[in-house]
There are 2 protein chains.
Amino acid sequence: MKKIQIKKAVSKNFKKHNHKLCYETSMKAFHKNCLEKNLKLTPLRLKVFELLLKDHRAIGAYQILDMLSKEGFSSTPPIAYRVLDFLIEQGFAHKIERFNAFIACSHPGSKHSPTFMICRKCDKVAEMCEKDSRLKLDKKSLSEFQIEESVIEIIGICKSCNQLETIKC
Amino acid sequence: MKKIQIKKAVSKNFKKHNHKLCYETSMKAFHKNCLEKNLKLTPLRLKVFELLLKDHRAIGAYQILDMLSKEGFSSTPPIAYRVLDFLIEQGFAHKIERFNAFIACSHPGSKHSPTFMICRKCDKVAEMCEKDSRLKLDKKSLSEFQIEESVIEIIGICKSCNQLETIKC
DNA sequence: AAATTAATGTTATAATATAACATTGACTTA
DNA sequence: TAAGTCAATGTTATATTATAACATTAATTT
């Protein structure tokens, strides 16, 4: 059962799918990881992670603050940025640099630099695992530069949005 | 002569090199391109491009404004952002998303999405051409997503900085 | 020379992010 | 368990990055 979920292509994020399953799987992994690493899973952290999991769209810090405010949480900027720092540091979330926005990690557990596909029509994001996205640099560059992290964000149109366009025309 | 310059690896940006040559080659290409495309090469645009060419470091819009101000140009934010928009749109400059900073393009002439190597010690940047950096996506992803642009920024330590560190230790 | 358009100038403000310090609450340890 | 410690949250202020909207100037066309 779990195996089937893991094997699904990231492109499912752009399509109709059983999102409740996404949500629950991620939330379970979050709990498990916090327990294992002895990280404090506070109501605020839980709520922000929950907000990031809502759909497969990245959200801005100030959107998060709005939502926190509506739910009775304190909501000055540092509140959001601190929790986001924690989530990113621990590998539970990522920042999409191109849009100054944040998204839950699809492969949580440790810090890493994934590749994102971002649809500019529906704004949905898919995080690709290393297996599905590899940056090939030439030998010379590899030998002359010690890579520590990478920002790889691909912007375009997902299949669902593309089909909608085709139908309209 | 010119051929030798073109063939040099991007990693030269991280080392001591004849920067006057970089500057002149880029400036010549800028002039040539503007002429060919009938773009107006105004004093302001020229100055901003010149600032971006100073060394191989990305600079922020407000740094540009400071420098413009010192040289007697008007220097309110839109001044910088408009020229930067122009330069980026025409393929003469790029934005480094990770650092909200801007850099002259090394392969000017048309809009494109290059790969950048950015040294976090010396802040120097090298723009790689397509030949030296390829993002390999799996077949499924490629078929399900129509790529329009990409942000690829590799952060790490360049060889020069690495060697300095080694010597110190 | 008048009309048009592109570029620059200016004012105001929006959007994103961090610094610095205060308070609370949980956890240790004496 | 009371005192001490530290991590998390709360709060105020401000820094940094970016854009909207409108005015003026300069170049180009008619």
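Throughout, protein chains are lettered first and strands after them, A, B, ... in sequence-line order, and every chain is numbered starting at 1.
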Novice: Whole Å only: how far is the CG atom of A/Leu84 from the C1' atom of D/dA8?
Specialist: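 After rounding, the gap between these two atoms is 15 Å.
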Novice: Taking B/Val151 as the fixed residue, which of A/Ile118, A/Ile155, A/Ile96, A/Ile152 is the one that meets the side-chain contact (heavy atoms from CB on, under 4.5 Å) rule?
Specialist: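 One option only clears the test, and that one is A/Ile155.
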Novice: Among D/dA18, D/dT12, C/dA17, which nucleotide sits nearest the side chain of B/Pro77?
Specialist: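 It is D/dA18.
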Novice: Could you name each residue pair satisfying salt bridge (charged side-chain N to carboxylate O under 4.0 Å, His left out) that touches residues 36-53 of chain A, not counting sequence neighbours?
Specialist: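 Only A/Lys32-A/Glu36, A/Lys47-A/Glu50, A/Lys47-A/Glu71 qualify under salt bridge (charged side-chain N to carboxylate O under 4.0 Å, His left out).
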Novice: For A/Glu97 and C/dA15, give me the distance from atom CD to atom P, rounded to whole Å.
Specialist: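 That distance rounds to 20 Å.
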Novice: What nucleotide, of C/dG9, D/dT12, D/dG10, holds the atom closest to the side chain of B/Ile79?
Specialist: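 Nearest to the side chain of B/Ile79 among the choices is C/dG9.
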Novice: Between A/His17 and A/Lys12 (side chain of the first, backbone of the second, donor and acceptor by atom type, cut-off under 3.5 Å), is there such a pair?
Specialist: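 Pair found, side chain donor or acceptor close to backbone of A/Lys12.
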Novice: With the threshold set at under 4.0 Å for non-hydrogen atoms, list the residues of residues 37-45 of chain A touching DNA chain D in residue-number order.
Specialist: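 By residue number: A/Lys40, A/Thr42, A/Leu44, A/Arg45.
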Novice: Only counting residues at least two apart or in another chain, list the ones meeting ring pair (Phe, Tyr, Trp, His ring centres under 6.0 Å) with A/Phe30.
Specialist: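 Partners of A/Phe30 by the ring pair (Phe, Tyr, Trp, His ring centres under 6.0 Å) criterion, ordered by chain and then number, come out as A/Phe49, A/Phe92.
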Novice: Report the residues that fulfil side-chain hydrogen bond (donor to acceptor under 3.5 Å, both in side chains) with B/His107, sequence neighbours left out, ordered by chain and then residue number.
Specialist: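 Scan of B/His107 (side-chain hydrogen bond (donor to acceptor under 3.5 Å, both in side chains), adjacent residues dropped) gives B/Glu127.
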Novice: Give, ordered by number, those residues of residues 87-96 of chain A having at least one heavy-atom distance below 4.0 Å to an atom of DNA chain D; if nothing qualifies, reply none.
Specialist: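 The stretch gives none, as no residue of it lies under 4.0 Å from the strand.
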Novice: Whole angstroms only, please: what is the OH-P distance between A/Tyr81 and D/dT14?
Specialist: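 The distance from OH of A/Tyr81 to P of D/dT14 comes to 19 Å, rounded to the nearest Å.
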Novice: Starting at CG of B/Asp85 and ending at C1' of C/dA6, how long is that distance when rounded to a whole Å?
Specialist: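 So the CG-C1' distance, B/Asp85 to C/dA6, works out to 15 Å.
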Novice: Sequence neighbours excluded and cut-off under 3.5 Å, please list the side-chain donor-acceptor pairs for residues 72-84 of chain B, or say none.
Specialist:
none

Novice: Judged by atom type as modelled, is there a donor-acceptor pair below 3.5 Å linking the side chain of B/His19 to the main-chain atoms of B/Lys54?
Specialist: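 At least one qualifying donor-acceptor pair exists.
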Novice: In whole angstrom, what separates B/Leu46's CG from C/dA7's P?
Specialist: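 After rounding, the gap between these two atoms is 15 Å.
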Novice: Applying side-chain hydrogen bond (donor to acceptor under 3.5 Å, both in side chains), can you list everything that pairs with B/Glu149, at least two apart in sequence or on another chain?
Specialist: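 Testing B/Glu149 for side-chain hydrogen bond (donor to acceptor under 3.5 Å, both in side chains), a comparison that skips the adjacent residues, returns A/Arg98.
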Novice: Could you check how far CG of A/Leu68 sits from P of D/dT11, rounded to whole Å?
Specialist: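 One finds 13 Å between P of D/dT11 and CG of A/Leu68, rounded.
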Novice: Can you check whether A/Asn100 has a side-chain N or O nearer than 4.0 Å to OP1 or OP2 of D/dT17?
Specialist: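 Negative; the distance criterion is not met.
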Novice: Would you say a side-chain N or O of A/Ser74 is under 4.0 Å from OP1 or OP2 of D/dT11?
Specialist: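 For D/dT11, OP1 or OP2 has a side-chain N or O of A/Ser74 closer than 4.0 Å.
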Novice: Suppose we screen for salt bridge (charged side-chain N to carboxylate O under 4.0 Å, His left out). Which residues come up paired with B/Lys28, at least two apart in sequence or across chains?
Specialist: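 Checked B/Lys28 against salt bridge (charged side-chain N to carboxylate O under 4.0 Å, His left out); zero matches.
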Novice: If the condition is side-chain hydrogen bond (donor to acceptor under 3.5 Å, both in side chains), which residues does B/Arg120 pass it with, not counting sequence neighbours?
Specialist: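 Counting only residues at least two positions away or on another chain, B/Arg120 forms a side-chain hydrogen bond (donor to acceptor under 3.5 Å, both in side chains) with A/Glu148.
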Novice: Using atom CG of B/Leu65 as one end and atom P of C/dT10 as the other, report the distance to the nearest whole Å.
Specialist: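 The distance from CG of B/Leu65 to P of C/dT10 comes to 13 Å, rounded to the nearest Å.
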Novice: For B/Tyr62, answer base if it contacts any base atom (sugar-phosphate contacts may also be present), sugar-phosphate if it contacts only those atoms, and nothing otherwise; contact means non-hydrogen atoms under 4.0 Å.
Specialist: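 If one applies the 4.0 Å heavy-atom cut-off, B/Tyr62 turns out to touch a base.
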Novice: Can you name the atoms? Protein N/O to nucleotides 21-24 of chain D N/O, anything below 3.5 Å, with the distance.
Specialist:
none

Novice: Applying side chain to side chain donor-acceptor pair (under 3.5 Å) as the test, list every pair that has at least one member in residues 130-141 of chain B; sequence neighbours left out.
Specialist: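 Applying side chain to side chain donor-acceptor pair (under 3.5 Å) to every pair that reaches into residues 130-141 of chain B, excluding sequence neighbours, yields B/Thr115-B/Ser133, B/Asp138-B/Ser141.
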Novice: Which whole-number value in Å describes the distance from A/Phe99 CZ to C/dT16 P?
Specialist: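 Going from A/Phe99 (CZ) to C/dT16 (P), I get 12 Å.
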Novice: Mind jotting down which residue pairs meet the side chain to side chain donor-acceptor pair (under 3.5 Å) criterion with at least one end in residues 57-69 of chain B? Sequence neighbours excluded, please.
Specialist: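 Pairs touching residues 57-69 of chain B that pass the test: B/Asp55-B/Arg57.
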Novice: Which sits closer to the 5' end of DNA chain C, A/Gly60 or B/Val83, going by the nucleotide each is nearest to?
Specialist: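 Result: B/Val83.
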